[in-house]
K.L.:
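Below: one structure in structure tokens.
The figures that follow rest on heavy atoms only: side chains count, while hydrogens, waters and symmetry mates do not. We count ligands from 1, going down the list as the structure has it; atoms in each ligand are counted the same way.
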Amino acid sequence: MKKIIPILFIVAILRPFNPLGAQVDQAEVERIITVLAADDMMGRQAFTPYADKAADFIAKEFKKAGLKKWNKMDSYLQTFPVYSFTVSNLDVTTDGEQFDQVFASTTQKSINWTQDSGVKNVVVGKDDDLRDVFSQYRRSGENAIIWVHSSQKQSFSRYASFASRGGRTLDVESPNTVVYILSDKAPKAYSIKMSATVETQNLSNVVGYIKGKRKDEYVLFSAHYDHIGIRRPVDQDSIANGANDDASGTTAVITLGEYFKKQGKPERSILFVAFTAEESGGYGSRYFSNQVDPEKIVAMFNIEMIGKPATDGPNSAWITGFDKSDFGQILQQSVEGTPYKFYADPYPSQNLFYRSDNATLARLGVPAHSISTTPIDVDPDYHQVSDEVETLNMAHLTNTINAIAAGAVRIISGKATPSRVDPAQIR
Ligand SMILES: [Zn+2]
């Protein structure tokens, strides 16, 4: 018996004291984030080969960690098409006279409308907010004809150039077109003809899985691996590396996969998802949410920008939409007695709950929240080419991953189940 004592001593000395229990290794965190945020990933922008390169790396890490492929998928990559529509021709005429200031945003190949087609007409007058109308119809999926007063010419041109980049959609089943015409009045009779070309591009989420005893109850850890690619150069650097946003969250998802795999078969199943295109339309989480029964997802830990300590100190992380379920309270209770604390998002005016992939799942009733630590109101590197690994605090990042693991334990073991989000309360 005596011999055991010195051995215990050595173990205690070598292992840093971690009151959170979970042991994710800082060197491993550094290894992964350094690859994801390297210059050769060129900012991991969706719809570029560099996003695919990042996805391949994450898939290899999932495999190495021993995660399973999910739901009869033959790959860790969940690949899906996005359809991109570009208007090639648009003619709007009244009494044989042509309007020359026109544009359309569309997800269909052609239209041929007249005043008798039953399409909604909207008038944007001198004092109306074109921005509101534009964003409303961008999301609504309705057909509409928008007559915009000529005094709004400047913003009209801005939206025209935005729309000329093309309309993307996941869903070709419900096509729609919105036509914008610069005109002081809406004529009673008109003809609108449009044709568009369509291009198909593939995107991929990366999905890993640990099957639990309760096979159909999922705890989901997610982060987006895409970023914003190449930007205007600053000091000869034009690569937006996205080390914090969101290589830090992606690194958390990978290392949490490694960690939970080592813990043996969990009570609940665990899904590890690296989303694509969070920065370019949210297509990754939107596609994923169509492939899963949201009722089966018990909780979604969406991890965003955890590489810099929060204003409240290094041992803290905040949770968006804290009052929308009791997810945050469960995490708080789970780390009670440790130096770490979870608290409500201190930047409600930033609408962060709606600015990441969690919102897509929350709209379906999932207790889906983002966990973050970066003081986003003052962060000089947010969406800049300066978002580099060197600006991050690796000890804090590792500590926060450990805290998330500790915060999740009672949910994974089935001892706690967050209340559902009420979709009626979500925009
Ligand atoms: Zn992000």
K.L.:
Check whether Gln45 reaches the backbone of Ala240 with its side chain - one donor and one acceptor, N or O, closer than 3.5 Å.
P.N.:
no
K.L.:
Determine all donor-acceptor pairs shorter than 3.5 Å in which one atom belongs to a side chain in residues 414-427; sequence neighbours excluded.
P.N.:
unit_1	atom_1	unit_2	atom_2	d
Thr417	OG1	Arg268	NH1	3.4
Thr417	OG1	Arg268	NH2	2.7
Ser419	OG	Asp326	N	3.0
Ser419	OG	Asp326	OD1	3.3
Arg420	NE	Gly365	O	3.2
Arg420	NH1	Ile297	O	2.7
Arg420	NH2	Pro294	O	3.0
Asp422	OD1	Ala424	N	2.9
Arg427	NH2	Asn351	OD1	3.0

K.L.:
Quiz question: by atom type and distance under 3.5 Å, do the side chains of Asp381 and Ser386 form a donor-acceptor pair?
P.N.:
yes
K.L.:
Show me the side-chain donor-acceptor pairs of residues 62-76 shorter than 3.5 Å, one per line, residues at least two apart or across chains.
P.N.:
unit_1	atom_1	unit_2	atom_2	d
Trp70	NE1	Tyr218	OH	3.1
Ser75	OG	Leu77	N	2.8
Tyr76	OH	Leu67	O	2.7

K.L.:
Would you sort out whether Phe275 and Phe288 count as a ring pair (Phe, Tyr, Trp, His ring centres under 6.0 Å), showing the intermediate values?
P.N.:
CA-CA 8 Å; Phe275 288 122; Phe288 174 80; 5.7 Å; yes
K.L.:
Let me check something: any side-chain donor-acceptor pairs from residues 195-202 under 3.5 Å, sequence neighbours excluded? List them with distances.
P.N.:
unit_1	atom_1	unit_2	atom_2	d
Thr197	OG1	Thr86	O	3.4

K.L.:
Enumerate the protein N/O/S atoms at a distance below 2.8 Å from the Zn ion (ligand 1), ignoring waters.
P.N.:
His224 NE2, Asp245 OD1, Glu304 OE1, Glu304 OE2
